[in-house]
Student: 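One structure follows; several queries about it will come next.
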Amino acid sequence: MKNKFYITTPIYYVNAKPHIGHAYTTIAADVLARFRKSRGEEVYFLTGTDEHGLNIQKKAEDAKKDPQTFVDEISQEFKDYWKKLNIKYDHFIRTTDEKHKSSVQKALQTLYDKGAIYKGEYEGYYCVACEQFKSEKDLIDGRCPDHDIVVEKVKEECYLLKMSGEAQKKIIEKIKSDEFRIAPHKYKKEILSFLESQELRDVSISRKNVSWGVTLPFDKEHTTYVWADAFLNYLTGLGWDGDANFFQSSAFPLREQSSRNSSKPSFLKFWPADVQLIGKDILRVHATIWPIMLLHLGIELPKMIFVHGHILSRGRKMSKTLGNAISIDEMLEKFGADGTRYLLMSAGTFGEDVDMTMERMIEKYNADLANGLGNLISRTVKLISNSKFQIPNQVQNPNDKISDFIEKIELNGALNYIWKIIRQDDKYIEENKPWELVKSNEDKFKEVMQKLASDLDFISDLLVLFMPETAKKIKKALEEKKTDVLFPRIK
Ligand code: MSP
């Protein structure tokens with residue numbers, strides 16, 4: 001029976017076009033999905049766009065466009081960039097898809113009928129860039145610390161989702177036991193200390209004065225709070241129609257005993273998600289509202305939420321709102337798709353913040369790609385092209401070592417491992433001087449080149465997840481014994 005693997009990224013707001021922070025999460029998900037596919041697993045990789053809410057409504061107004069036209073354009077830009085970056089998702093969900101909207105309504109009706117949602121009032125602060133309610137202690141001088149904007153004071157009638165009591169207790173237990181795993185460990189600790197230190201406040205799941213959203217099925221004067229709408233994408237993106245009964249008792253045993261055959265609907269085949277990748281800015285909502293919605297609906301929780309750090313620029317989270325973002329265009333133009341993928345995935349430990357500047361990226365590109373990998377390829381290929389050398393069959397067993405890193409989502413660890421081989425090979429060339437051996441000692445020359453060619457072939461297999469086009473070019477260069485310069489130096 002084939003193992004299944006369901007991986008998601010957050011769905012991105014379409015208030016502006018994507019920047020490298022969004023590309024960071026999406027490329028990482030692509031690497032993980034490619035890895036599982038290469039192992040023969042049945043993979044479903046979901047990404048998409050989050051298109052409702054006040055922020056987007058306002059941005060569309062500013063642009064003097066009707067909101068649907070506005071979100072259509074930006075959502076398309078996300079798709080275009082993902083294509084340019086060679087991201088192979090299985091489905092791209094948009095929260096303005098009719099099917100998504102009707103499924104959200106069905107799910108909310110169920111929550112309302114069960115009494116998990118009730119009518120009340122909300123009074124507090126709201127950060128329109130986070131699209132999140134804030135308490136006084138979340139703020140610095142009345143401003144949202146993430147976006148540096150003044151929050152709005154709101155008091156309005158709304159529908160609330162029950163968060164405290166039983167639900168809160170269950171979430172704590174499931175996080176503790178790793179049944180609902182939050183990784184890396186420091187984020188698990190952080191969220192547990194948050195959950196254990198206070199009783200959760202019920203959250204508003206509707207807005208009365210925001211027209212750009214999914215209308216509540218049980219009260220047409222309200223639209224769904226954008227996060228409640230957004231979370232359900234992880235299920236509707238699998239084709240779920242909002243009927244929670246599908247997941248109940250009768251469906252579970254059926255799912256477990258029979259093979260995950262194709263006649264089964266995708267959401268039963270793939271749910272629960274195996275890995276949900278998110279940035280640390282949205283951990284709290286993903287570890288509270290999201291699992292509590294699922295608990296109320298009687299649906300299993302995802303197996304793991306993996307949290308990564310932020311890309312910082314000048315010490316602050318890179319974001320459009322702060323205006324310190326590096327554009328994907330700029331990266332693509334300078335480094336190409338593979339270069340961009342490499343630079344983002346090797347920028348630092350996935351899970352920790354990484355600070356990126358263009359200068360440092362150029363330096364790293366020149367050192368690791370133009371010099372390191374690029375030189376190894378061109379030297380090796382040049383030496384074998386000038387001789388009667390036959391390329392050996394692959395002798396090394398690929399992937400063993402790198403699998404460990406990728407399974408633990410240590411993506412830059414995997415790249416460091418590959419670059420260690422590259423550096424060793426460089427040293428090996430310097431020590432053995434094959435350009436001299438070719439004249440003086442043919443047997444030794446063959447032995448040296450055999451090792452180098454086989455290492456390069458191995459490197460190409462390891463790199464394919466991160467740099468798919470480069471991996472192909474390495475194979476081709478070895479086969480045809482010629483190569484163009486793959487990574488010209490950047491000044
Ligand atoms: N729409 C919500 C998510 C809903 S998921 C049910 C949202 N969107 S967002 O566009 O603002 O950001 C989404 C994600 O983009 C972040 O959580 C993070 O994964 C990624 N990043 C955005 N800026 C980033 C950095 N500067 N650095 C790293 N990742 C960043 O929140």
Side-chain angles (χ1 to χ4, degrees), residues 7-30 46-56 59 71 74-75 77-78 81-82 92-96 100 104 127-132 144 146-149 187 205 213 224-237 273 275-291 293-294 302 305-328 331 343-345 347-357 409 411:
I7 180 163
T8 65
T9 70
I11 47 172
Y12 304 104
Y13 286 131
V14 287
N15 57 337
K17 62 188 209 174
H19 58 70
I20 62 171
H22 308 120
Y24 188 60
T25 321
T26 317
I27 294 168
D30 183 64
L46 179 72
T47 190
T49 40
D50 191 354
E51 307 189 2
H52 291 124
L54 185 59
N55 201 17
I56 289 166
K59 289 276 154 48
V71 298
I74 300 193
S75 180
E77 290 205 51
F78 273 85
Y81 279 115
W82 296 164
F92 189 100
I93 176 98
R94 298 183 56 190
T95 55
T96 52
H100 170 82
V104 167
C127 168
V128 67
C130 294
E131 292 282 15
Q132 278 181 49
C144 163
D146 282 345
H147 295 100
D148 201 19
I149 55 174
Y187 293 108
I205 57 94
T224 308
Y225 169 46
V226 61
W227 276 96
D229 164 5
F231 281 130
L232 292 170
N233 97 85
Y234 297 137
L235 290 161
T236 64
V275 178
Q276 301 211 274
L277 280 187
I278 60 165
K280 67 178 189 180
D281 51 329
I282 53 175
L283 168 61
R284 211 181 266 184
V285 276
H286 272 83
T288 52
I289 308 177
W290 170 223
M293 283 174 82
L294 288 171
I305 302 233
F306 192 94
V307 186
H308 64 72
H310 285 155
I311 297 184
L312 307 180
S313 158
R314 303 193 291 272
R316 301 206 57 173
K317 181 190 171 202
M318 197 176 276
S319 93
K320 265 280 141 99
T321 313
L322 292 175
N324 62 351
I326 294 178
S327 79
I328 302 177
M331 297 249 335
L343 290 169
L344 289 176
M345 291 300 98
T349 306
F350 199 65
E352 302 294 327
D353 287 350
V354 291
D355 201 284
M356 296 189 88
T357 63
I409 320 196
L411 302 178

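Numbering of ligands and ligand atoms starts at 1, following listing order. Quantities reported herein were computed from a predicted structural model and do not represent experimental measurements.
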Student: Just need the protein heavy atom nearest to atom 22 (C) of ligand 1, so name the residue and atom and give the distance.
Tutor: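 Of the protein heavy atoms, His22 CD2, 3.7 Å lies nearest.
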Student: Would you check whether Asn233 has a nitrogen or oxygen atom less than 3.5 angstrom from a nitrogen or oxygen atom of ligand 1?
Tutor: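 N/O-N/O distance under 3.5 Å: no.
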Student: Could you check, using the six-membered ring where one of them is a Trp, whether Tyr187 and Phe306 have ring centers closer than 6.0 angstrom?
Tutor: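 When the ring centroids of Tyr187 and Phe306 are compared, they turn out to be at least 6.0 Å apart.
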Student: Is there a side-chain contact between Tyr12 and Thr26 in this structure, where contact means two heavy atoms from C-beta onward sitting under 4.5 Å apart?
Tutor: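 Side chain of Tyr12 against side chain of Thr26, heavy atoms only: contact under 4.5 Å found.
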Student: Measure centre to centre between the rings of Phe78 and His22, then say whether the value is under 6.0 Å.
Tutor: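 Yes.
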Student: Between the side chains of His310 and Asp353, does any donor sit under 3.5 Å from an acceptor?
Tutor: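 On atom types as modelled, these side chains do not qualify, holding no pair under 3.5 Å.
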Student: Answer with side chain, backbone, both or neither: which part of Val226 has a heavy atom less than 4.0 angstrom from an atom of ligand 1?
Tutor: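 Answer for Val226: neither.
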Student: Can we say Asp146 and Lys317 salt-bridge, meaning some charged N sits less than 4.0 Å from an Asp/Glu carboxylate O?
Tutor: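 No, Asp146 and Lys317 are not salt-bridged.
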Student: Starting from atom 31 (O) of ligand 1, which protein heavy atom do you reach first, and at what distance in Å?
Tutor: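 Minimum-distance protein heavy atom for atom 31 (O) of ligand 1 reads Ile282 CG2, 3.6 Å.
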Student: What part of Trp290 sits under 4.0 Å from ligand 1 if we count only heavy atoms: the side chain, the backbone, both or neither?
Tutor: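 Neither; nothing of Trp290 gets under 4.0 Å from ligand 1.
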Student: Number the atoms of ligand 1 from 1 as they appear, then name those within less than 4.0 Å of a heavy atom of Gly309, with their elements.
Tutor: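 Result: 28 (C).
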Student: Is any side-chain heavy atom of Val307 closer than 4.5 Å to a side-chain heavy atom of Phe350?
Tutor: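 Contact flag for Val307/Phe350 side chains = no.
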Student: With a 4.0 Å cut-off on heavy atoms, is Ala325 touching ligand 1?
Tutor: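 False for this residue.
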Student: I want to confirm something. Looking only at heavy atoms, which of Ala347, Gly21, Ala129, Ala29 is nearest to atom 25 (C) of ligand 1?
Tutor: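 The option holding the nearest heavy atom is Gly21.
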Student: For atom 10 (O) of ligand 1, which protein heavy atom lies nearest, and how many Å away is it?
Tutor: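 Minimum-distance protein heavy atom for atom 10 (O) of ligand 1 reads Tyr13 N, 3.1 Å.
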Student: Are His100 and Thr236 close enough that a side-chain donor and a side-chain acceptor fall under 3.5 Å?
Tutor: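 Yes - a donor-acceptor pair under 3.5 Å links their side chains.
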Student: For atom 23 (N) of ligand 1, tell me which residue out of His308, His310, His19 has the closest non-hydrogen atom.
Tutor: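 That would be His19.
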Student: Could you tell me the residue and atom name of the protein heavy atom closest to atom 27 (N) of ligand 1, and the distance to it rounded to 0.1 Å?
Tutor: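 Looking only at protein heavy atoms, the one closest to atom 27 (N) of ligand 1 is Ile311 N, 2.7 Å.
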Student: Number the atoms of ligand 1 from 1 as they appear, then name those within less than 4.0 Å of a heavy atom of Asp281, with their elements.
Tutor: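 Per the distance check, 16 (C), 17 (O).
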Student: To the nearest 0.1 Å, how far is atom 3 (C) of ligand 1 from its closest protein heavy atom, and which atom is that?
Tutor: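 Here the closest protein heavy atom is Ile11 O, 3.2 Å.
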Student: Of all the atoms in ligand 1, which lie at a distance below 4.0 Å from a heavy atom belonging to Met318?
Tutor: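 Atoms satisfying the 4.0 Å criterion: 23 (N), 25 (C), 26 (N).
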Student: Could you identify the single nearest non-hydrogen protein atom to atom 5 (S) of ligand 1 and state the distance to 0.1 Å?
Tutor: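 Looking only at protein heavy atoms, the one closest to atom 5 (S) of ligand 1 is Tyr234 OH, 3.4 Å.
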Student: Run the numbers for me: atoms of ligand 1, each under 4.0 Å from some heavy atom of Asp50, listed by number.
Tutor: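 Every atom of ligand 1 under 4.0 Å from some heavy atom of Asp50: 1 (N), 2 (C), 4 (C).
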Student: Starting from atom 20 (C) of ligand 1, find the nearest protein heavy-atom neighbour and note its residue, name and distance.
Tutor: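 Going atom by atom, the protein heavy atom closest to atom 20 (C) of ligand 1 ends up being Thr25 OG1, 3.5 Å.
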Student: Side chain of Glu131, backbone of Leu54: donor and acceptor closer than 3.5 Å?
Tutor: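 Indeed, once roles are kept as given, a pair shorter than 3.5 Å links the two residues.
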Student: Numbering the atoms of ligand 1 from 1, which are under 4.0 Å from a heavy atom of Gly279?
Tutor: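 Atoms satisfying the 4.0 Å criterion: 17 (O), 18 (C), 19 (O).
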Student: If we ignore hydrogens and angles and just use 3.5 Å, is the side chain of Ser313 paired with the main-chain N or O of Asn324 as donor and acceptor?
Tutor: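 Yes, the answer is positive, given that a donor and an acceptor are paired below the 3.5 Å cut-off.
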Student: Among protein heavy atoms, which lies nearest atom 14 (C) of ligand 1, and at what distance?
Tutor: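 It is Tyr12 CE2, 3.7 Å.
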Student: Taking atom types as modelled, find out whether Thr25 and His308 have a side-chain donor-acceptor pair closer than 3.5 angstrom.
Tutor: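 The criterion, which ignores hydrogens and geometry beyond distance, is satisfied for His308 and Thr25.
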Student: Any luck finding a side-chain donor-acceptor pair between Thr8 and Gln276 under 3.5 Å?
Tutor: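 Result is yes, a qualifying pair exists.
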Student: Under 3.5 Å, is there a donor-acceptor pair between the His286 and Tyr234 side chains?
Tutor: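 The answer is yes; a qualifying pair exists.
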